[in-house]
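Source: prediction; values computed, not measured. Per chain, numbering begins at 1; letters A, B, ... match sequence-line order.
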2 protein chains.
Amino acid sequence: MRASDRAYGSLRADILEWRLPPGTLLAEVEQARRLGISRTPLREALSRLVAEGLAAAHTGRGVVVTGVSLAGVADLFEVRLPLECAAARLAAARRDPAAFDALAERFEAAGALISSGGSDQHAYYALVAELDAAIDEAAANPYLVQAQRQLRTHLVRARRLARDNPDRLLASAGEHRQIAQAVARGNPELAAAAVTIHLSNSLHHLQASVPGPLDA
Amino acid sequence: MRASDRAYGSLRADILEWRLPPGTLLAEVEQARRLGISRTPLREALSRLVAEGLAAAHTGRGVVVTGVSLAGVADLFEVRLPLECAAARLAAARRDPAAFDALAERFEAAGALISSGGSDQHAYYALVAELDAAIDEAAANPYLVQAQRQLRTHLVRARRLARDNPDRLLASAGEHRQIAQAVARGNPELAAAAVTIHLSNSLHHLQASVPGPLDA
DNA sequence: AAGCGGACTTCTGTATACAAAGCAGCCTGA
DNA sequence: TCAGGCTGCTTTGTATACAGAAGTCCGCTT
């Protein structure tokens, strides 16, 4: 594996998990030393982060980790809604029913686990990622996948703005189950409706649980 | 201006205008010599092209210019439709009426110019780009703008698959006028409908006028 | 004659050295 | 005392040299 790929993955994970919080200056020599590589591959990693919107280049001062604001989250969902709906519609038309039936059952089990108090938030988000991946695969559209990937990257950071409580997680599991079921049944409009409901609730929860906006 | 930026812009324009046709191998040393720069900034330019989807990295063999296929165009429009509709809806809700009234009039004038036989295809596409930019600005959503930019890049190349005739250009001008009018009136659903009609016709024209698919 | 193996060639990936540009801090002059 | 400019220092941007890997071509073997 290339050093620039490792650097990119490492920095990306650090930013997504807030180990490198917004506003952090990513100086080339400093980060290169930290990751044990030279400046050349590090620069490539940084340019990828900038292209992705996770960092911004300040002329003459290096790149800084970009911020996540509440207004930005609203913008994010304005684009997510039509895109996720389109993905769900396509997936419903082209899906393998068995795969989405299985996912629906797993979301039902996850709901039971959450309500019994034994939930693992990390595992739950991994399951959500599985559903997203299954929809992407069923939609079979590289342009859609790429656009979704960009948005989901920013979504991961936005999640940290809200503190998920068990109630919301339980509701979310139910909404995801509905999405999986609709796709499994091959009903595009039902799938789009389920996605609309989920994203609407998700955004509302985010906006309601954030104390104050964080700067950029 | 940085050398890597110039190289990126130059290569991007060369690919979009088919001076570097699909399948062309972009060897680092060769391109660096051609552009009069060293390999380091050239590599950065190439990585940006790869991230954008205009080139693909073949391990051990450099990067090659990606192809445009008819199937790819269908995928492209599957994503364009929901995204452009969303942009039109947002623009209709947030627009400055005067700007879009002016654009509508210019499309009407362009239609008259086309039907009189004095059309300039390049100038017409520039006008279309102006409408796109106005919608982006009115929508005021950076995530949307970025996603659109990616798709439109590929669209520019796809246009070369079809040979535009004056009839299609005339119809296109009318459709764009309808979009501009709908946005000017502040009617989101009307704007989305106008966009749907335009994209549907546009894709149909593309698919009907292409003799055979080009490989990747 | 055809398939396989090895060495050569050429390419990318990485490191480092150099140059240029921006910023900060300080000094000087009014 | 404040404004302006200058110096030096840090930082990025670029070039080049080196190493590793992959592909290719030729020759050998079967």
Side-chain angles (χ1 to χ4, degrees), chain A residues 1-16 19-67 142 146 149 215-216, chain B residues 1-16 19-67 142 146 149 215-216:
Chain A
M1 197 187 208
R2 298 186 302 178
S4 60
D5 288 337
R6 279 187 289 114
Y8 167 73
S10 174
L11 285 169
R12 188 173 186 274
D14 284 346
I15 293 173
L16 257 44
R19 285 190 293 268
L20 292 173
T24 304
L25 177 68
L26 300 176
E28 292 184 2
V29 285
E30 175 192 347
Q31 295 300 318
R33 275 203 59 170
R34 184 172 77 89
L35 297 172
I37 60 176
S38 101
R39 280 180 57 215
T40 306
L42 183 91
R43 277 178 66 85
E44 188 179 323
L46 287 180
S47 72
R48 288 171 73 177
L49 292 174
V50 170
E52 213 170 358
L54 289 177
H58 276 51
T59 309
R61 216 167 183 170
V63 305
V64 295
V65 179
T66 53
Q146 192 190 2
R149 182 186 136 83
D215 73 299
Chain B
M1 197 187 209
R2 298 186 303 178
S4 60
D5 289 336
R6 278 186 291 114
Y8 168 73
S10 174
L11 286 169
R12 188 174 188 272
D14 285 345
I15 293 174
L16 258 45
R19 285 190 294 269
L20 292 173
T24 304
L25 176 68
L26 300 176
E28 293 183 2
V29 285
E30 175 193 346
Q31 294 300 319
R33 275 202 60 168
R34 185 172 75 89
L35 298 172
I37 58 176
S38 101
R39 281 180 55 215
T40 306
L42 183 90
R43 277 176 66 85
E44 188 179 324
L46 287 181
S47 71
R48 288 171 73 176
L49 291 174
V50 169
E52 213 170 357
L54 290 177
H58 274 52
T59 310
R61 214 168 184 170
V63 305
V64 295
V65 179
T66 53
Q146 192 190 1
R149 180 185 137 84
D215 73 301

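DNA chain C is contacted by no residue of residues 45-57 of chain A, taking any non-hydrogen atom closer than 4.0 Å.
Minimum heavy-atom separation, A/Ser47 to B/Ser47: OG-OG, 4.3 Å. Listed here is the closest heavy atom pair of B/Thr66 and B/Pro22: O-CB, 3.5 Å.
Looking at B/Leu54 and B/Leu11, their side chains never come closer than 4.5 Å, going by heavy atoms from C-beta outward.
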Practice task
Starting from the C-alpha separation in whole Å, work towards a yes-or-no answer on side chain to side chain contact (heavy atoms under 4.5 Å, CB included) for A/Asp14 and A/Arg34.
Solution key: CA-CA 13 Å; A/Asp14 284 346; A/Arg34 184 172 77 89; 3.2 Å; yes
Practice task
Take B/Arg12 and B/Asp5 through the test salt bridge (charged side-chain N to carboxylate O under 4.0 Å, His left out) and record every step on the way to the result.
Solution key: CA-CA 10 Å; B/Arg12 188 174 188 272; B/Asp5 289 336; over 6 Å; no
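Atoms CD and CG, from A/Glu30 and A/Leu35 in turn, are 10.0 Å apart once rounded to the nearest 0.5 Å.
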Using the 3.5 Å cut-off, write out each protein N or O paired with an N or O of nucleotides 10-17 of chain D and the distance between them.
{"residue": "D/dT12", "atom": "OP1", "partner": "A/Glu28", "partner atom": "N", "Å": "3.4"}
{"residue": "D/dG13", "atom": "OP1", "partner": "B/Arg2", "partner atom": "NH1", "Å": "3.0"}
{"residue": "D/dG13", "atom": "OP2", "partner": "A/Arg43", "partner atom": "NH1", "Å": "2.9"}
{"residue": "D/dG13", "atom": "OP2", "partner": "A/Arg43", "partner atom": "NH2", "Å": "3.2"}
{"residue": "D/dG13", "atom": "N7", "partner": "A/Arg39", "partner atom": "NH2", "Å": "2.9"}
{"residue": "D/dG13", "atom": "O6", "partner": "A/Arg39", "partner atom": "NH1", "Å": "3.0"}
{"residue": "D/dT14", "atom": "OP1", "partner": "B/Ala3", "partner atom": "N", "Å": "2.3"}
{"residue": "D/dA15", "atom": "OP2", "partner": "B/Ser38", "partner atom": "N", "Å": "2.8"}
{"residue": "D/dA15", "atom": "OP2", "partner": "B/Ser38", "partner atom": "OG", "Å": "3.2"}
{"residue": "D/dA15", "atom": "N7", "partner": "B/Thr40", "partner atom": "OG1", "Å": "3.0"}
{"residue": "D/dT16", "atom": "O4", "partner": "B/Thr40", "partner atom": "OG1", "Å": "3.1"}

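A/Arg149 and A/Gln146 are not linked by any side-chain donor-acceptor pair at a separation below 3.5 angstrom, with hydrogens and angles left out of the test.
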